[in-house]
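Working notes for the structure below.
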Protein chains: 2
Amino acid sequence: MSATAPLRPRKAQIDRTATALFRAQGFAATSMRELATALGLEAGSLYSHIKSKEEILHRVCFALADSFFAGFAAATQEAAPVAAQLRQAIVAHVRVLTDDSAASAVFLHEWRHLSEPARSEFLALRDRYEGAFRELIARGVAAGELHTPDPAFAALTLLASLNWLPSWYRPEGKLSPDDIAHRLAEQLLSGLVSVTGGNRGVA
Amino acid sequence: MSATAPLRPRKAQIDRTATALFRAQGFAATSMRELATALGLEAGSLYSHIKSKEEILHRVCFALADSFFAGFAAATQEAAPVAAQLRQAIVAHVRVLTDDSAASAVFLHEWRHLSEPARSEFLALRDRYEGAFRELIARGVAAGELHTPDPAFAALTLLASLNWLPSWYRPEGKLSPDDIAHRLAEQLLSGLVSVTGGNRGVA
DNA sequence: ATCGGTTGCTAACAGGTGTTAGCCGGCCTA
DNA sequence: TAGGCCGGCTAACACCTGTTAGCAACCGAT
(Lines give C-alpha, C1' and ligand atoms only; values in the text may rest on other atoms or scores of the structure.)
Protein backbone atom coordinates (compact mmCIF):
# COMPACT_ATOMS: atom_id res chain seq x y z
CA MET A 1 0.00 0.00 0.00
CA SER A 2 1.53 3.24 -1.06
CA ALA A 3 1.66 6.31 1.11
CA THR A 4 -0.66 9.11 0.17
CA ALA A 5 -0.14 12.86 0.16
CA PRO A 6 -1.06 14.53 3.45
CA LEU A 7 -4.69 15.57 3.42
CA ARG A 8 -5.64 19.20 3.28
CA PRO A 9 -6.83 20.42 6.69
CA ARG A 10 -10.57 20.49 5.90
CA LYS A 11 -10.47 17.12 4.23
CA ALA A 12 -8.61 15.67 7.22
CA GLN A 13 -11.21 17.19 9.50
CA ILE A 14 -13.99 15.64 7.44
CA ASP A 15 -12.27 12.27 7.74
CA ARG A 16 -11.85 12.58 11.50
CA THR A 17 -15.42 13.71 12.15
CA ALA A 18 -16.84 11.12 9.78
CA THR A 19 -14.78 8.41 11.45
CA ALA A 20 -16.13 9.36 14.85
CA LEU A 21 -19.72 9.22 13.57
CA PHE A 22 -19.20 5.97 11.64
CA ARG A 23 -17.75 4.47 14.79
CA ALA A 24 -20.57 5.67 17.02
CA GLN A 25 -23.48 4.89 14.73
CA GLY A 26 -22.28 2.85 11.80
CA PHE A 27 -21.55 3.91 8.26
CA ALA A 28 -25.04 3.32 6.88
CA ALA A 29 -26.79 5.03 9.77
CA THR A 30 -24.67 8.18 9.44
CA SER A 31 -26.02 10.67 6.90
CA MET A 32 -23.99 13.24 4.98
CA ARG A 33 -26.34 15.87 6.34
CA GLU A 34 -25.45 14.84 9.88
CA LEU A 35 -21.74 14.83 9.09
CA ALA A 36 -22.01 18.28 7.55
CA THR A 37 -23.87 19.62 10.57
CA ALA A 38 -21.16 18.27 12.87
CA LEU A 39 -18.64 20.22 10.78
CA GLY A 40 -20.72 23.40 10.68
CA LEU A 41 -21.42 22.98 6.97
CA GLU A 42 -24.22 21.92 4.66
CA ALA A 43 -24.13 18.51 3.04
CA GLY A 44 -23.53 19.88 -0.44
CA SER A 45 -20.35 21.59 0.74
CA LEU A 46 -18.69 18.31 1.58
CA TYR A 47 -18.34 17.54 -2.11
CA SER A 48 -15.89 20.36 -2.59
CA HIS A 49 -13.48 18.21 -0.61
CA ILE A 50 -14.46 14.60 -1.13
CA LYS A 51 -15.76 12.56 -4.02
CA SER A 52 -18.33 10.49 -2.15
CA LYS A 53 -19.38 9.15 1.21
CA GLU A 54 -17.74 5.86 0.42
CA GLU A 55 -14.44 7.55 -0.42
CA ILE A 56 -14.13 8.50 3.26
CA LEU A 57 -14.69 4.93 4.37
CA HIS A 58 -12.21 3.67 1.80
CA ARG A 59 -9.51 6.06 2.95
CA VAL A 60 -9.99 5.26 6.64
CA CYS A 61 -9.96 1.49 6.14
CA PHE A 62 -6.95 1.38 3.86
CA ALA A 63 -4.96 3.88 5.94
CA LEU A 64 -5.44 1.69 9.01
CA ALA A 65 -4.42 -1.38 7.04
CA ASP A 66 -1.22 0.51 6.15
CA SER A 67 -0.62 1.23 9.82
CA PHE A 68 -1.13 -2.36 10.90
CA PHE A 69 1.24 -3.69 8.28
CA ALA A 70 3.87 -1.08 9.07
CA GLY A 71 3.68 -1.91 12.76
CA PHE A 72 3.97 -5.61 12.15
CA ALA A 73 6.94 -5.16 9.81
CA ALA A 74 8.76 -3.02 12.35
CA ALA A 75 8.02 -5.50 15.12
CA THR A 76 9.30 -8.55 13.31
CA GLN A 77 12.24 -7.34 11.29
CA GLU A 78 14.88 -8.29 13.82
CA ALA A 79 16.03 -11.86 14.15
CA ALA A 80 14.78 -12.20 17.73
CA PRO A 81 13.24 -15.36 19.22
CA VAL A 82 9.77 -15.88 17.80
CA ALA A 83 8.01 -15.38 21.13
CA ALA A 84 9.72 -12.02 21.49
CA GLN A 85 8.68 -11.08 17.94
CA LEU A 86 5.12 -12.10 18.73
CA ARG A 87 5.15 -9.88 21.80
CA GLN A 88 6.42 -7.01 19.66
CA ALA A 89 3.76 -7.70 17.03
CA ILE A 90 1.11 -7.59 19.75
CA VAL A 91 2.52 -4.31 21.06
CA ALA A 92 2.56 -2.84 17.55
CA HIS A 93 -1.02 -3.94 16.89
CA VAL A 94 -2.22 -2.49 20.17
CA ARG A 95 -0.39 0.74 19.46
CA VAL A 96 -2.30 1.17 16.20
CA LEU A 97 -5.60 0.34 17.93
CA THR A 98 -5.03 2.83 20.71
CA ASP A 99 -3.51 5.60 18.58
CA ASP A 100 -6.79 5.96 16.76
CA SER A 101 -9.50 3.88 18.31
CA ALA A 102 -12.25 5.47 16.21
CA ALA A 103 -10.53 4.59 12.96
CA SER A 104 -9.73 1.13 14.33
CA ALA A 105 -13.37 0.53 15.17
CA VAL A 106 -14.39 1.62 11.67
CA PHE A 107 -11.68 -0.58 10.17
CA LEU A 108 -12.87 -3.58 12.14
CA HIS A 109 -16.61 -3.21 11.69
CA GLU A 110 -17.53 -1.01 8.73
CA TRP A 111 -15.43 -2.50 5.92
CA ARG A 112 -18.43 -4.43 4.59
CA HIS A 113 -19.90 -1.17 3.30
CA LEU A 114 -17.05 -0.95 0.81
CA SER A 115 -18.05 -1.71 -2.77
CA GLU A 116 -16.16 -3.99 -5.09
CA PRO A 117 -13.32 -4.15 -5.97
CA ALA A 118 -12.16 -2.33 -2.84
CA ARG A 119 -13.98 -4.76 -0.58
CA SER A 120 -12.19 -7.81 -1.97
CA GLU A 121 -8.89 -5.96 -1.84
CA PHE A 122 -9.53 -5.09 1.77
CA LEU A 123 -10.36 -8.68 2.70
CA ALA A 124 -7.24 -9.86 0.92
CA LEU A 125 -5.18 -7.42 3.00
CA ARG A 126 -6.81 -8.57 6.16
CA ASP A 127 -6.14 -12.19 5.25
CA ARG A 128 -2.52 -11.35 4.55
CA TYR A 129 -2.14 -9.61 7.91
CA GLU A 130 -3.75 -12.51 9.77
CA GLY A 131 -1.55 -14.84 7.76
CA ALA A 132 1.52 -13.02 9.02
CA PHE A 133 0.43 -13.69 12.63
CA ARG A 134 -0.34 -17.26 11.72
CA GLU A 135 3.11 -17.78 10.27
CA LEU A 136 4.77 -16.21 13.26
CA ILE A 137 2.89 -18.51 15.61
CA ALA A 138 3.62 -21.54 13.43
CA ARG A 139 7.33 -20.70 13.54
CA GLY A 140 7.11 -20.39 17.30
CA VAL A 141 5.54 -23.81 17.54
CA ALA A 142 8.20 -25.26 15.24
CA ALA A 143 10.88 -23.68 17.41
CA GLY A 144 9.35 -25.11 20.58
CA GLU A 145 8.70 -21.63 21.99
CA LEU A 146 4.90 -21.71 21.60
CA HIS A 147 2.37 -24.48 21.76
CA THR A 148 -0.95 -24.62 20.03
CA PRO A 149 -2.57 -27.40 18.02
CA ASP A 150 -3.71 -24.86 15.43
CA PRO A 151 -1.74 -21.69 14.65
CA ALA A 152 -4.54 -20.35 12.43
CA PHE A 153 -7.05 -20.69 15.24
CA ALA A 154 -4.61 -19.23 17.76
CA ALA A 155 -3.88 -16.25 15.51
CA LEU A 156 -7.56 -15.42 15.08
CA THR A 157 -8.39 -15.65 18.75
CA LEU A 158 -5.29 -13.66 19.66
CA LEU A 159 -6.23 -10.89 17.24
CA ALA A 160 -9.83 -11.06 18.41
CA SER A 161 -8.84 -10.39 21.99
CA LEU A 162 -6.75 -7.41 20.87
CA ASN A 163 -9.39 -6.02 18.53
CA TRP A 164 -11.75 -5.45 21.42
CA LEU A 165 -9.66 -2.51 22.52
CA PRO A 166 -11.39 0.17 20.44
CA SER A 167 -14.63 -0.71 22.21
CA TRP A 168 -13.44 0.13 25.70
CA TYR A 169 -10.01 1.73 25.61
CA ARG A 170 -10.05 5.27 26.94
CA PRO A 171 -6.95 7.50 26.58
CA GLU A 172 -7.64 8.90 30.06
CA GLY A 173 -7.76 5.46 31.64
CA LYS A 174 -5.10 4.48 34.14
CA LEU A 175 -3.32 2.13 31.73
CA SER A 176 -1.15 3.48 28.95
CA PRO A 177 -1.29 1.75 25.57
CA ASP A 178 2.07 0.13 26.23
CA ASP A 179 0.90 -1.12 29.63
CA ILE A 180 -2.17 -2.57 27.94
CA ALA A 181 -0.08 -4.12 25.21
CA HIS A 182 2.29 -5.82 27.60
CA ARG A 183 -0.50 -6.96 29.84
CA LEU A 184 -2.35 -8.45 26.89
CA ALA A 185 0.79 -10.11 25.60
CA GLU A 186 1.42 -11.60 29.02
CA GLN A 187 -2.13 -12.82 29.42
CA LEU A 188 -2.39 -14.30 25.95
CA LEU A 189 1.03 -15.87 25.90
CA SER A 190 1.05 -17.14 29.48
CA GLY A 191 -2.66 -17.76 29.97
CA LEU A 192 -4.80 -17.11 33.01
CA VAL A 193 -4.26 -20.30 34.92
CA SER A 194 -1.73 -20.10 37.67
CA VAL A 195 1.00 -22.68 37.28
CA THR A 196 1.45 -24.74 40.34
CA GLY A 197 3.45 -27.84 39.46
CA GLY A 198 1.18 -30.38 37.78
CA ASN A 199 -1.92 -28.54 36.66
CA ARG A 200 -0.57 -27.90 33.20
CA GLY A 201 -2.15 -30.32 30.76
CA VAL A 202 -5.17 -31.07 32.92
CA ALA A 203 -8.14 -31.90 30.70
CA MET B 1 -35.54 -11.99 31.34
CA SER B 2 -38.78 -13.84 30.95
CA ALA B 3 -39.35 -16.46 28.32
CA THR B 4 -41.65 -15.51 25.50
CA ALA B 5 -44.34 -17.48 23.73
CA PRO B 6 -43.08 -19.50 20.78
CA LEU B 7 -43.25 -17.44 17.62
CA ARG B 8 -45.72 -18.31 14.91
CA PRO B 9 -43.99 -19.95 11.96
CA ARG B 10 -44.05 -16.95 9.59
CA LYS B 11 -42.89 -14.58 12.33
CA ALA B 12 -40.05 -16.96 13.21
CA GLN B 13 -39.09 -17.12 9.57
CA ILE B 14 -39.08 -13.32 9.36
CA ASP B 15 -36.77 -13.22 12.39
CA ARG B 16 -34.40 -15.79 10.91
CA THR B 17 -34.21 -14.18 7.50
CA ALA B 18 -33.87 -10.71 8.97
CA THR B 19 -31.11 -11.90 11.28
CA ALA B 20 -29.17 -13.34 8.36
CA LEU B 21 -29.45 -10.05 6.47
CA PHE B 22 -28.65 -7.89 9.49
CA ARG B 23 -25.58 -10.00 10.06
CA ALA B 24 -24.42 -9.87 6.45
CA GLN B 25 -25.08 -6.20 5.81
CA GLY B 26 -25.90 -4.48 9.04
CA PHE B 27 -29.27 -3.40 10.43
CA ALA B 28 -29.31 0.06 8.86
CA ALA B 29 -28.20 -1.12 5.44
CA THR B 30 -30.91 -3.78 5.26
CA SER B 31 -34.24 -2.51 3.96
CA MET B 32 -37.68 -3.94 4.72
CA ARG B 33 -38.21 -4.25 0.97
CA GLU B 34 -35.10 -6.40 0.73
CA LEU B 35 -36.21 -8.54 3.66
CA ALA B 36 -39.65 -8.99 2.13
CA THR B 37 -38.16 -10.02 -1.19
CA ALA B 38 -36.01 -12.63 0.54
CA LEU B 39 -39.21 -14.02 2.06
CA GLY B 40 -41.19 -13.91 -1.17
CA LEU B 41 -43.40 -11.10 0.08
CA GLU B 42 -43.90 -7.39 -0.31
CA ALA B 43 -42.65 -5.03 2.36
CA GLY B 44 -46.13 -4.02 3.46
CA SER B 45 -46.95 -7.66 4.21
CA LEU B 46 -44.34 -7.87 6.94
CA TYR B 47 -46.48 -5.65 9.15
CA SER B 48 -49.13 -8.33 9.45
CA HIS B 49 -46.60 -10.19 11.56
CA ILE B 50 -44.32 -7.63 13.18
CA LYS B 51 -44.77 -4.19 14.68
CA SER B 52 -41.62 -2.59 13.25
CA LYS B 53 -38.18 -3.21 11.88
CA GLU B 54 -36.70 -2.43 15.26
CA GLU B 55 -38.93 -4.97 16.96
CA ILE B 56 -37.06 -7.70 15.09
CA LEU B 57 -33.72 -6.39 16.28
CA HIS B 58 -35.02 -6.09 19.84
CA ARG B 59 -36.26 -9.66 19.88
CA VAL B 60 -33.03 -11.10 18.47
CA CYS B 61 -30.78 -9.17 20.86
CA PHE B 62 -32.74 -9.91 24.01
CA ALA B 63 -33.29 -13.56 23.12
CA LEU B 64 -29.54 -14.03 22.75
CA ALA B 65 -28.95 -12.26 26.03
CA ASP B 66 -31.35 -14.79 27.60
CA SER B 67 -29.35 -17.62 26.06
CA PHE B 68 -26.02 -16.30 27.33
CA PHE B 69 -27.28 -15.86 30.86
CA ALA B 70 -28.92 -19.29 30.90
CA GLY B 71 -25.71 -20.89 29.69
CA PHE B 72 -23.62 -19.12 32.27
CA ALA B 73 -26.00 -20.04 35.08
CA ALA B 74 -25.96 -23.70 34.10
CA ALA B 75 -22.17 -23.67 33.82
CA THR B 76 -21.51 -22.18 37.21
CA GLN B 77 -24.21 -23.59 39.47
CA GLU B 78 -22.12 -26.46 40.82
CA ALA B 79 -19.55 -25.89 43.52
CA ALA B 80 -16.63 -26.91 41.35
CA PRO B 81 -13.16 -25.31 41.44
CA VAL B 82 -13.31 -21.87 39.89
CA ALA B 83 -11.03 -22.74 36.99
CA ALA B 84 -13.37 -25.61 36.09
CA GLN B 85 -16.39 -23.29 36.32
CA LEU B 86 -14.60 -20.82 34.07
CA ARG B 87 -13.98 -23.58 31.55
CA GLN B 88 -17.65 -24.49 31.70
CA ALA B 89 -18.66 -20.86 31.29
CA ILE B 90 -16.43 -20.60 28.22
CA VAL B 91 -17.98 -23.77 26.79
CA ALA B 92 -21.49 -22.45 27.44
CA HIS B 93 -20.69 -19.11 25.83
CA VAL B 94 -19.18 -20.79 22.78
CA ARG B 95 -22.20 -23.07 22.52
CA VAL B 96 -24.51 -20.09 22.27
CA LEU B 97 -22.25 -18.41 19.71
CA THR B 98 -22.07 -21.49 17.51
CA ASP B 99 -25.72 -22.55 17.90
CA ASP B 100 -26.79 -19.38 16.14
CA SER B 101 -23.86 -17.49 14.75
CA ALA B 102 -26.07 -15.10 12.77
CA ALA B 103 -28.00 -14.04 15.85
CA SER B 104 -24.76 -13.86 17.80
CA ALA B 105 -23.22 -11.55 15.23
CA VAL B 106 -26.30 -9.33 15.35
CA PHE B 107 -26.24 -9.36 19.16
CA LEU B 108 -22.58 -8.36 19.21
CA HIS B 109 -22.62 -5.66 16.55
CA GLU B 110 -26.09 -4.29 15.87
CA TRP B 111 -27.37 -3.46 19.38
CA ARG B 112 -26.53 0.21 18.92
CA HIS B 113 -29.49 0.54 16.55
CA LEU B 114 -31.81 -0.13 19.48
CA SER B 115 -33.66 2.95 20.70
CA GLU B 116 -33.99 3.97 24.31
CA PRO B 117 -34.93 2.57 26.75
CA ALA B 118 -34.13 -0.83 25.21
CA ARG B 119 -30.59 0.21 24.39
CA SER B 120 -29.71 1.09 27.98
CA GLU B 121 -31.41 -2.07 29.19
CA PHE B 122 -29.35 -4.06 26.74
CA LEU B 123 -26.09 -2.46 27.83
CA ALA B 124 -26.97 -3.07 31.45
CA LEU B 125 -27.51 -6.76 30.66
CA ARG B 126 -24.24 -6.93 28.82
CA ASP B 127 -22.46 -5.28 31.76
CA ARG B 128 -24.06 -7.75 34.11
CA TYR B 129 -22.96 -10.70 32.00
CA GLU B 130 -19.40 -9.38 31.74
CA GLY B 131 -19.53 -8.74 35.49
CA ALA B 132 -20.34 -12.39 36.07
CA PHE B 133 -17.18 -13.37 34.21
CA ARG B 134 -15.20 -10.74 36.08
CA GLU B 135 -16.38 -12.08 39.44
CA LEU B 136 -15.59 -15.63 38.45
CA ILE B 137 -12.07 -14.67 37.46
CA ALA B 138 -11.62 -12.59 40.61
CA ARG B 139 -12.66 -15.58 42.70
CA GLY B 140 -10.18 -17.72 40.80
CA VAL B 141 -7.42 -15.26 41.58
CA ALA B 142 -8.43 -15.16 45.25
CA ALA B 143 -8.37 -18.97 45.33
CA GLY B 144 -4.93 -19.08 43.74
CA GLU B 145 -6.24 -20.95 40.71
CA LEU B 146 -5.90 -18.08 38.25
CA HIS B 147 -3.52 -15.21 37.94
CA THR B 148 -4.14 -11.86 36.39
CA PRO B 149 -3.42 -8.37 37.67
CA ASP B 150 -6.82 -7.19 36.47
CA PRO B 151 -9.86 -9.52 36.39
CA ALA B 152 -11.95 -6.91 34.57
CA PHE B 153 -9.38 -6.62 31.84
CA ALA B 154 -8.97 -10.39 31.65
CA ALA B 155 -12.72 -10.93 31.41
CA LEU B 156 -13.08 -8.49 28.51
CA THR B 157 -10.19 -9.92 26.54
CA LEU B 158 -11.39 -13.45 27.21
CA LEU B 159 -14.87 -12.64 25.96
CA ALA B 160 -13.40 -10.76 23.03
CA SER B 161 -11.48 -13.78 21.85
CA LEU B 162 -14.63 -15.89 22.09
CA ASN B 163 -16.87 -13.33 20.40
CA TRP B 164 -14.87 -13.58 17.21
CA LEU B 165 -16.44 -16.96 16.55
CA PRO B 166 -19.50 -15.74 14.65
CA SER B 167 -17.17 -14.14 12.12
CA TRP B 168 -15.45 -17.31 11.04
CA TYR B 169 -17.13 -20.34 12.59
CA ARG B 170 -18.61 -22.64 9.96
CA PRO B 171 -20.85 -25.54 11.00
CA GLU B 172 -19.27 -27.64 8.27
CA GLY B 173 -15.76 -26.97 9.55
CA LYS B 174 -13.70 -29.77 10.96
CA LEU B 175 -14.05 -28.62 14.56
CA SER B 176 -17.26 -29.16 16.46
CA PRO B 177 -18.44 -26.37 18.78
CA ASP B 178 -17.32 -28.36 21.80
CA ASP B 179 -13.90 -28.93 20.27
CA ILE B 180 -13.65 -25.23 19.63
CA ALA B 181 -14.80 -24.41 23.15
CA HIS B 182 -12.26 -26.70 24.81
CA ARG B 183 -9.48 -25.52 22.55
CA LEU B 184 -10.28 -21.90 23.31
CA ALA B 185 -10.50 -22.62 27.02
CA GLU B 186 -7.12 -24.35 26.91
CA GLN B 187 -5.50 -21.58 24.93
CA LEU B 188 -6.89 -18.76 27.06
CA LEU B 189 -6.33 -20.42 30.40
CA SER B 190 -2.94 -21.93 29.63
CA GLY B 191 -1.61 -19.37 27.17
CA LEU B 192 0.38 -19.91 24.02
CA VAL B 193 3.86 -19.97 25.44
CA SER B 194 5.29 -23.40 26.00
CA VAL B 195 6.39 -23.88 29.57
CA THR B 196 9.95 -24.98 29.81
CA GLY B 197 11.22 -24.45 33.33
CA GLY B 198 12.09 -20.81 33.82
CA ASN B 199 10.44 -18.82 31.05
CA ARG B 200 7.32 -18.13 33.07
CA GLY B 201 7.38 -14.60 34.33
CA VAL B 202 9.91 -13.43 31.78
CA ALA B 203 9.36 -9.73 31.13
C1' DA C 1 -74.27 -19.53 2.82
C1' DT C 2 -72.17 -16.43 5.89
C1' DC C 3 -68.90 -14.63 8.97
C1' DG C 4 -64.52 -13.90 11.09
C1' DG C 5 -59.68 -14.33 11.02
C1' DT C 6 -55.44 -14.46 8.64
C1' DT C 7 -52.34 -13.13 5.20
C1' DG C 8 -50.71 -10.81 1.28
C1' DC C 9 -50.94 -7.00 -2.30
C1' DT C 10 -51.13 -2.33 -3.65
C1' DA C 11 -50.72 2.38 -3.39
C1' DA C 12 -49.70 5.93 -0.89
C1' DC C 13 -47.73 8.63 2.75
C1' DA C 14 -44.21 11.40 4.96
C1' DG C 15 -39.78 11.78 5.22
C1' DG C 16 -34.92 10.89 4.33
C1' DT C 17 -30.86 9.86 1.32
C1' DG C 18 -26.35 10.88 -1.65
C1' DT C 19 -25.08 13.85 -4.91
C1' DT C 20 -25.02 17.70 -8.47
C1' DA C 21 -25.03 22.31 -10.51
C1' DG C 22 -25.32 27.08 -10.33
C1' DC C 23 -24.43 31.02 -7.73
C1' DC C 24 -22.04 34.05 -4.48
C1' DG C 25 -18.52 36.01 -1.51
C1' DG C 26 -13.89 36.33 -0.01
C1' DC C 27 -9.18 36.23 -0.89
C1' DC C 28 -5.05 36.56 -3.47
C1' DT C 29 -2.26 37.81 -7.32
C1' DA C 30 -0.97 40.23 -11.52
C1' DT D 1 -8.91 47.00 -10.58
C1' DA D 2 -9.94 42.67 -12.45
C1' DG D 3 -9.74 37.90 -12.78
C1' DG D 4 -9.15 33.36 -10.98
C1' DC D 5 -9.55 30.17 -7.40
C1' DC D 6 -11.57 28.26 -3.40
C1' DG D 7 -15.15 27.08 -0.48
C1' DG D 8 -19.75 27.33 1.05
C1' DC D 9 -24.93 27.79 0.32
C1' DT D 10 -29.08 26.62 -1.90
C1' DA D 11 -32.22 24.10 -4.38
C1' DA D 12 -33.05 20.41 -6.75
C1' DC D 13 -32.70 15.80 -8.45
C1' DA D 14 -33.62 10.91 -8.46
C1' DC D 15 -34.26 7.63 -5.56
C1' DC D 16 -34.97 5.12 -1.24
C1' DT D 17 -36.93 4.41 3.37
C1' DG D 18 -40.38 2.51 7.13
C1' DT D 19 -44.91 2.20 7.71
C1' DT D 20 -50.10 2.51 7.02
C1' DA D 21 -54.73 1.66 5.27
C1' DG D 22 -57.87 -0.40 2.32
C1' DC D 23 -58.89 -4.31 -0.28
C1' DA D 24 -59.13 -9.16 -1.69
C1' DA D 25 -58.60 -14.09 -1.34
C1' DC D 26 -58.57 -18.10 1.27
C1' DC D 27 -59.87 -21.08 4.96
C1' DG D 28 -62.39 -22.86 8.72
C1' DA D 29 -66.29 -22.76 11.72
C1' DT D 30 -71.09 -22.24 12.40
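Letters go in sequence order (proteins before strands), and every chain restarts at 1.
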Exercise. For atom CD of A:Glu116, is the number of surrounding heavy atoms from other residues, nucleotides or ligands below 6.0 Å larger than 12?
Worked result: yes

Quick one: which protein N/O atoms are closer than 3.5 Å to N/O atoms of nucleotides 22-29 of chain C? Pair and distance per line, please.
none

Close N/O contacts between protein and nucleotides 26-28 of chain D (under 3.5 Å):
none

Problem set entry | Interatomic distance where CG belongs to A:Leu46 and P belongs to C:dT17 [whole Å] | 13 Å

Seminar exercise, completed: Atom CG of A:Leu57 and atom C1' of C:dG18 are separated, to the nearest Å, by 15 Å

For this session: Mind running salt bridge (charged side-chain N to carboxylate O under 4.0 Å, His left out) on A:Arg23 and A:Glu110 for me, showing each step along the way?
Result: CA-CA 8 Å; A:Arg23 184 254 194 112; A:Glu110 303 302 326; over 6 Å; no

For this session: Could you verify whether a donor N or O on one side chain and an acceptor N or O on the other, from A:Glu34 and A:Thr30, lie under 3.5 Å apart?
Result: no

Problem set entry | Pair A:Arg95-A:Asp178, salt bridge (charged side-chain N to carboxylate O under 4.0 Å, His left out): steps then yes or no | CA-CA 7 Å; A:Arg95 206 164 266 149; A:Asp178 274 1; 2.8 Å; yes

Problem set entry | Separation of atom NZ in B:Lys11 from atom C1' in C:dG8, rounded to whole Å | 17 Å

For this session: Mark yes or no for whether B:Glu55, through its side chain, and B:Lys51, through its backbone, hold a donor-acceptor pair below 3.5 Å.
Result: yes

For this session: Applying side chain to side chain contact (heavy atoms under 4.5 Å, CB included), name anything that partners B:Glu130, two or more places apart in sequence or on another chain.
Result: A:Trp164, B:Arg126, B:Asp127, B:Arg134, B:Leu156, B:Leu159

Exercise. Along nucleotides 4-18 of chain D, 5' to 3', which nucleotides get a B, which get an S, and which get a -, given that the test is a protein heavy-atom distance under 4.0 Å?
Worked result: ---SBBB-B----BB

Problem set entry | Residues in side chain to side chain donor-acceptor pair (under 3.5 Å) contact with A:Ser115, at least two apart in sequence or another chain | A:Glu54

Exercise. Are the ring centres of A:Trp168 and B:Phe153 closer than 6.0 Å?
Worked result: yes

Exercise. Between C:dT19 atom P and A:Lys51 atom NZ, what is the distance in whole Å?
Worked result: 12 Å

Problem set entry | Listed partners of A:Phe107 passing ring-ring contact (aromatic ring centres under 6.0 Å, His included), at least two apart | A:Phe68, A:Phe122

For this session: Please report, rounded to the nearest Å, how far the P atom of C:dG18 is from the CD1 atom of A:Ile14.
Result: 14 Å

Exercise. Using a distance-only test with no angle check, is there a side-chain donor-acceptor pair under 3.5 angstrom linking A:Arg10 and A:Gln13?
Worked result: yes

Exercise. Judged by modelled atom types alone, do B:Gln85 and B:Thr76 share a side-chain donor-acceptor pair under 3.5 Å?
Worked result: no

